[in-house]
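Note that the numbering runs from 1 along the sequence shown for the chain.
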Amino acid sequence: MLTQTKRYEYSPIIDRPVVRFPNNARIAVVVYINIEHFPEDRPGPAIVSQTAHFKPDPLNYGWRDYGQRVGIWRLMETLDRYGLPASVCLNSDVCREYPRIIEEGSKRKWEWMGHGRNNSEIVNGLSLQDEASLIDETLAAIVRATGEKPKGWLSPFLTETYATPDLLAERGIEYLCDYSCDDLPFEMKVEKGSLLSMPYSVECNDLPSLLTFGSSPEEFGKNLRDQFDVLYEEGARVPRVLPIALHTFIVGQPFRMKHLAAAFAHIVRRDDVWLATAGEINKWYRQAHRRS
C-alpha cells in the first residue's frame with residue numbers, strides 16, 4: 001500500500017505546460033456545498049463547546065440542524081440568483097433524512113459527490129474492510145436517491161487511511177478533494193484506476209474561517225473577493241481554480257449570506273470566468289491531457 005507522502009510527485013506550478021480552460025477562461029470558480037448529517041446522539045461541530053459532550057445537546061444539534069431546515073434554501077436561492085452551479089459533498093444519510101434537498105438539488109442539476117455516511121464518522125483508524133463498506137454504502141445510497149454514481153469524493157473532515165485513495169479509485173471515483181495543496185488538478189498515484197486531486201480549500205471555507213480562525217462574515221466575504229482577484233490576475237498566465245467551500249449551517253445564516261452574496265456578485269461581474277463544477281474540471285483535465 002502506498003503511503004501518503006508517495007501519493008503524488010512534487011511539481012512546481014511554474015514548470016508545468018500551460019493548458020487553457022474552455023473559452024480561454026482565466027479562472028474556474030467551484031462552489032462546494034457540504035450537505036451533512038450529524039446523528040443526534042453523536043458529536044459534531046459545536047458553537048458552544050461546553051455542552052458538546054451532553055446527550056442530548058439541543059444547543060449544538062439545533063444550531064447545526066438550522067442548515068437543513070433553513071440555511072440550504074437561502075444558499076440555494078443565492079446560487080440561483082448568480083447562476084452558480086454546486087458541487088455537493090454529500091453525506092449519504094442526507095438522502096434518507098432530508099429528501100427534499102436531494103429533490104431540489106437534482107432539479108438544478110447539482111453535482112453529487114460522496115462524503116461518507118455522516119459527518120460524525122471519522123475515516124482515520126478504520127480497518128480496510130470497514131472503510132470499504134463505508135465507501136460502498138455511501139455510493140450506493142447516493143445512486144438510489146439521485147440516479148447518478150458520484151465521480152468525486154471528499155472524506156468526512158478530510159480524514160483518510162493510507163488505503164483511501166486506492167479504495168476510491170478501485171470503485172470508479174475519479175477525483176478526490178482531500179488535499180488542498182494546488183490551484184490545479186493533478187494525478188495521484190493509485191494501485192488501480194485513475195484518480196485526480198481536485199482543488200479544495202480549508203481557508204476559503206466558511207467553517208474554519210469563521211469558527212476556527214475567527215474571521216467576521218465581512219472579512220470572509222472580503223477574503224473570497226481578494227482570493228478571486230489575485231487568481232484572476234495570475235490566470236492570464238496560468239489558469240487557476242478557485243474553490244469555495246460552504247456549509248449550510250454556517251453561511252446559511254442571514255448575516256453571513258449577505259457577505260457571501262456580495263462576493264458572488266463580484267465574481268460574476270468579470271469576463272473570462274468559468275463557473276464550473278468539480279466534475280466539469282475533472283472532465284476538462286482528462287480530455288486536455290489526453291491531447292497534450
Side-chain angles (χ1 to χ4, degrees), residues 27-38 44-45 47 63-91 94 98 101-102 104-105 108-116 118-119 150 152-158 177-178 180 198-228 231 241-268 273 275-281:
I27 186 170
V29 178
V30 181
V31 178
Y32 293 99
I33 304 180
N34 291 260
I35 304 182
E36 298 165 339
H37 175 59
F38 298 90
I47 194 167
W63 170 70
R64 293 188 299 265
D65 208 33
Y66 182 90
Q68 319 314 344
R69 299 173 66 87
V70 181
I72 179 62
W73 312 111
R74 182 173 292 121
L75 179 55
M76 196 175 284
E77 289 177 1
T78 302
L79 292 171
D80 288 349
R81 187 184 318 145
Y82 294 104
L84 288 160
S87 302
V88 178
C89 309
L90 183 66
N91 285 163
V94 169
Y98 320 110
I101 295 176
I102 304 301
E104 291 296 325
R108 289 162 172 78
K109 301 188 185 305
W110 281 2
E111 179 181 346
W112 306 107
M113 299 164 46
H115 189 37
N118 61 66
N119 240 48
W153 184 272
L154 178 73
S155 297
F157 277 99
L158 282 69
C177 297
D178 290 349
S180 55
M198 188 63 61
Y200 189 77
S201 181
V202 293
E203 295 198 76
C204 290
N205 184 321
D206 58 352
L207 196 155
S209 290
L210 294 159
L211 296 189
T212 304
F213 306 144
S215 297
S216 69
E218 186 174 11
E219 288 169 337
F220 179 63
K222 185 177 185 299
N223 289 346
L224 297 182
R225 298 194 302 273
D226 290 347
Q227 188 89 344
F228 172 84
L231 294 179
V241 177
L242 168 58
I244 299 173
L246 305 172
H247 298 73
T248 61
F249 60 97
I250 303 292
V251 80
Q253 292 284 347
F255 69 100
R256 295 183 180 127
M257 187 63 66
K258 171 183 176 180
H259 299 286
L260 176 66
F264 285 164
H266 178 80
I267 288 168
V268 301
V273 176
L275 306 177
T277 64
E280 289 170 337
I281 295 174

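Between the side chain of Asp178 and the backbone N or O of Leu154 there is no donor-acceptor pair closer than 3.5 Å. A distance-only check finds no donor-acceptor pair linking the side chain of Arg256 to the backbone of Pro217 [under 3.5 Å]. Remark: side-chain polar atoms of Glu36 are not paired, donor with acceptor, to backbone N or O of Asn119 under 3.5 angstrom. Although no hydrogens or angles enter the test, the distance criterion places no donor-acceptor pair under 3.5 Å between the side chain of Glu219 and the main chain of Leu210.
For the residue pair Ser201 and Ala245, the shortest heavy atom distance occurs at O-CB, 3.9 Å. Between Val202 and Phe213, the shortest heavy-atom distance links the atoms O-CE1, 3.8 Å. Residues Gly221 and Ala263 come closest through the heavy atom pair O-CB, 3.9 Å. Minimum interatomic distance between Leu246 and Phe264 (heavy atoms only, all atoms of both residues): CD1-CZ, 4.2 Å. Between Thr78 and Ala261, the shortest heavy-atom contact is CG2-CB, 4.0 Å. Closest of all the heavy-atom pairs between Met113 and Cys177 is CE-SG, 3.7 Å.
Here the side chains of Ile244 and Phe228 are not in contact, with every heavy-atom distance at 4.5 Å or above. Val268 is not listed as a side-chain neighbour of Val273, based on a closest heavy-atom distance of 4.5 Å or more. Using a 4.5 Å heavy-atom threshold, the side chains of Phe157 and Pro45 count as touching. Side-chain contact between Pro156 and Asn118 is absent, with no heavy atoms from C-beta onward closer than 4.5 Å.
Atoms CG and OH, from Leu158 and Tyr200 in turn, are 6.0 Å apart once rounded to the nearest 0.5 Å. With values rounded to the nearest 0.5 angstrom, Tyr66 atom OH is found 4.0 Å from Arg74 atom CZ. Rounded to the nearest 0.5 angstrom, Ile35 CD1 and Leu75 CG are separated by 8.0 Å. Taken to the nearest 0.5 Å, the NE2 atom of His37 stands 13.0 Å off from the NE2 atom of His115. One distance of note links CG of Asn205 with CG of Asn34; it measures 7.0 Å at 0.5 Å rounding. The CD1 atom of Ile281 lies 7.5 Å from the OG atom of Ser87; values are rounded to the nearest 0.5 Å.
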* To do: Given side chain to side chain contact (heavy atoms under 4.5 Å, CB included), test Tyr82 with Ile267 step by step and report yes or no.
  => CA-CA 9 Å; Tyr82 294 104; Ile267 288 168; over 6 Å; no

* **side chain to side chain contact (heavy atoms under 4.5 Å, CB included) between Thr248 and Trp73, intermediate numbers included** => CA-CA 9 Å; Thr248 61; Trp73 312 111; over 6 Å; no

* Asked: Given Leu224 and Phe220, is the side chain to side chain contact (heavy atoms under 4.5 Å, CB included) satisfied, shown in steps?
  -> CA-CA 6 Å; Leu224 297 182; Phe220 179 63; 3.9 Å; yes

* Asked: Where do Met76 and Trp110 land on the side chain to side chain contact (heavy atoms under 4.5 Å, CB included) test, with the steps shown first?
  -> CA-CA 11 Å; Met76 196 175 284; Trp110 281 2; 3.5 Å; yes

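Contact check on Glu104 versus Arg108 returns a salt bridge, with a Lys/Arg side-chain nitrogen under 4.0 Å from an Asp/Glu carboxylate oxygen.
Checking Asp206 against His247 by side-chain atom types alone, a donor-acceptor pair falls below 3.5 Å.
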